[in-house]
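Labels below follow one simple rule: chain letters A, B, ... track the order of the sequence lines, proteins then strands, and each chain is numbered from 1. From a predicted model like this one, the values you see are computed outputs, not experimental measurements.
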2 protein chains.
Amino acid sequence: MEKLDDIDEQLLKLLGENSKQTIKELADRVNLSHTPVFERVKRLESNGYIKKYIALIDAEKLGYGLIVFCNIKLKQHDKRIGHEFVTDILRLDEVVECYNISGDFDFLLKVYAKDMKHYQDFVFNKLGSVTSIGSTHSTFVMSENKNTYNVNF
Amino acid sequence: MEKLDDIDEQLLKLLGENSKQTIKELADRVNLSHTPVFERVKRLESNGYIKKYIALIDAEKLGYGLIVFCNIKLKQHDKRIGHEFVTDILRLDEVVECYNISGDFDFLLKVYAKDMKHYQDFVFNKLGSVTSIGSTHSTFVMSENKNTYNVNF
DNA sequence: CTTGAAAAATGGAGGGT
DNA sequence: ACCCTCCATTTTTCAAG
């Protein structure tokens, strides 16, 4: 896999900010004609630099006004329990992100809930029935000050 | 602002997963013709349910193999210091997300770094020159198990 | 809502420097 | 690897049922 040049990086940045720009618009921004830009974008897609294109949905408008980071400690630390935990977690709609982390806890979840009642129900009923969990610690988000959704390279 | 019906929600889910589907493809999936689907999508865009369309870039392929959650405690807790902190943080490319949180710490940052050396340099030189910071605590991501990028409603 | 159609814009492929 | 041209597809709008 060849390295990216400056133009490729510019295209990734532009598409990472707004993927609805046309090939022609991108071409104008990087001072090329549309053909090479088209080919470069296709190459960035097929080489996996661009993973996919998505719409960003406003969670608050859908009633999901609460973001919580939920730290999880497992009961035991063998591979089977860890795998079991991840499998169970992937099923939960409230969990939008899940990381295996260093430190006092084993996993960090980012959870979207409608309100505190919903979150309480999530912890007691959904996390409560994931048997691999030892303990949890919740950190509530009061405001989101930045989210770029992509690496800033 | 009128409420969304089931079709609107389906469209948001579909576009939140893959925004490259054509209006015709979306229409087939929700069992409608292209005209109402086109109008619904436009309405979801102009009403802000769809915030924007982006390409998801593979950070690892660009050399950013390290994700760190960095907890920050401010020196003082007045409004001016908080605002000063956020302003400084917004400038840092390594910071992809920033949240004002409850608990022992004041802010949680999600940071992308190329490697540990890069992260060390980020903490010492970049965070080190943000004078509003009192203390930091880093949690390193060992693996990302889930990331939906959008609320699962 | 559906079908159908049509104009304008874009995507995508060809040949040439 | 770039540019330009051309055709196919898609977007976007509209009319009629």
Could you give all pairs that pass the salt bridge (Lys or Arg N to Asp or Glu O under 4.0 Å) test and reach residues 35-56 of chain B, with sequence neighbours left out?
B:Glu2-B:Arg43, B:Asp5-B:Arg40, B:Asp8-B:Arg40, B:Asp8-B:Arg43, B:Lys42-B:Glu45
When we call it a touch if two heavy atoms are under 4.0 Å apart, what does B:Ser33 touch: a base, just sugar-phosphate, or nothing?
base
Determine the minimum heavy-atom distance between A:Asp58 and A:Lys61, stating which atoms define it.
OD1-N, 3.1 Å
Distance, rounded to the nearest Å, where B:Ile23 contributes CD1 and D:dT13 contributes P:
11 Å
Which heavy atom in A:Ala27 sits nearest to a heavy atom in A:Val37, and how many Å separate them?
CA-CG2, 3.6 Å
Of all heavy-atom pairs linking B:Asn150 and A:Ile54, the shortest is ND2-CD1, 4.2 Å
Just the table, please: protein N/O against nucleotides 6-8 of chain D N/O, every pair under 3.5 Å.
none

Any heavy-atom pair between the side chains of B:Cys70 and B:Tyr119 that's under 4.5 Å?
yes
For B:Arg80, give me all partners under side-chain hydrogen bond (donor to acceptor under 3.5 Å, both in side chains), at least two apart in sequence or on another chain.
B:Glu84
When the distance from CD of A:Gln21 to C1' of C:dG11 is rounded to whole Å, what number comes out?
16 Å
Between the two ends of the helix from C:dC1-D:dG17 to C:dT17-D:dA1, what is the bend in degrees, rounded to 10 degrees, where each end axis spans five pairs?
20°
May I ask you to decide if the ring planes of A:His118 and A:Tyr64 are parallel, tilted or perpendicular, using 30° and 60° as cut-offs?
perpendicular
Do you know the tightest heavy-atom contact between A:Asp106 and A:Leu74?
OD2-N, 2.7 Å
What one should report as the nearest heavy-atom pair of B:Leu15 and B:Gln21 is N-NE2, 4.4 Å
Evaluate the criterion ring pair (Phe, Tyr, Trp, His ring centres under 6.0 Å) for residue pair B:Tyr112 and A:Phe153; output intermediate values, then yes/no.
CA-CA 9 Å; B:Tyr112 276 168; A:Phe153 51 94; over 10 Å; no
Nearest to side-chain heavy atoms of A:Leu32, which nucleotide of D:dC3, C:dT10, C:dC1:
D:dC3
Between C:dG12 (C1') and A:Leu26 (CG): distance, integer Å:
15 Å
Residues from residues 6-17 of chain A sitting under 4.0 Å of DNA chain C, heavy atoms only?
none
Separation of A:Asp28 atom CG from C:dA9 atom P, in whole Å?
15 Å
Atom CG of B:Asp104: over 12 foreign heavy atoms under 6.0 Å:
no
Does A:Glu144 CD have over 12 foreign heavy atoms under 6.0 Å away?
yes
Rounded to whole Å, CD of B:Glu25 lies from P of D:dT10 at a distance of 8 Å
Result for 5'-nearest mapping on DNA chain C, choosing between A:Lys24 and B:Asn31, is B:Asn31
Strictly below 4.0 Å, heavy-atom distances to any atom of DNA chain C: list the hits from residues 35-42 of chain B, or just say none.
B:Thr35, B:Pro36, B:Arg40
Nearest heavy-atom neighbours spanning B:Val30 and B:Ile7
O-CD1, 3.9 Å
Show your reasoning for whether side-chain hydrogen bond (donor to acceptor under 3.5 Å, both in side chains) applies to B:Thr139 and A:Tyr99.
CA-CA 11 Å; B:Thr139 299; A:Tyr99 304 93; over 6 Å; no
Interatomic distance where NZ belongs to B:Lys20 and C1' belongs to D:dT9 [whole Å]:
14 Å
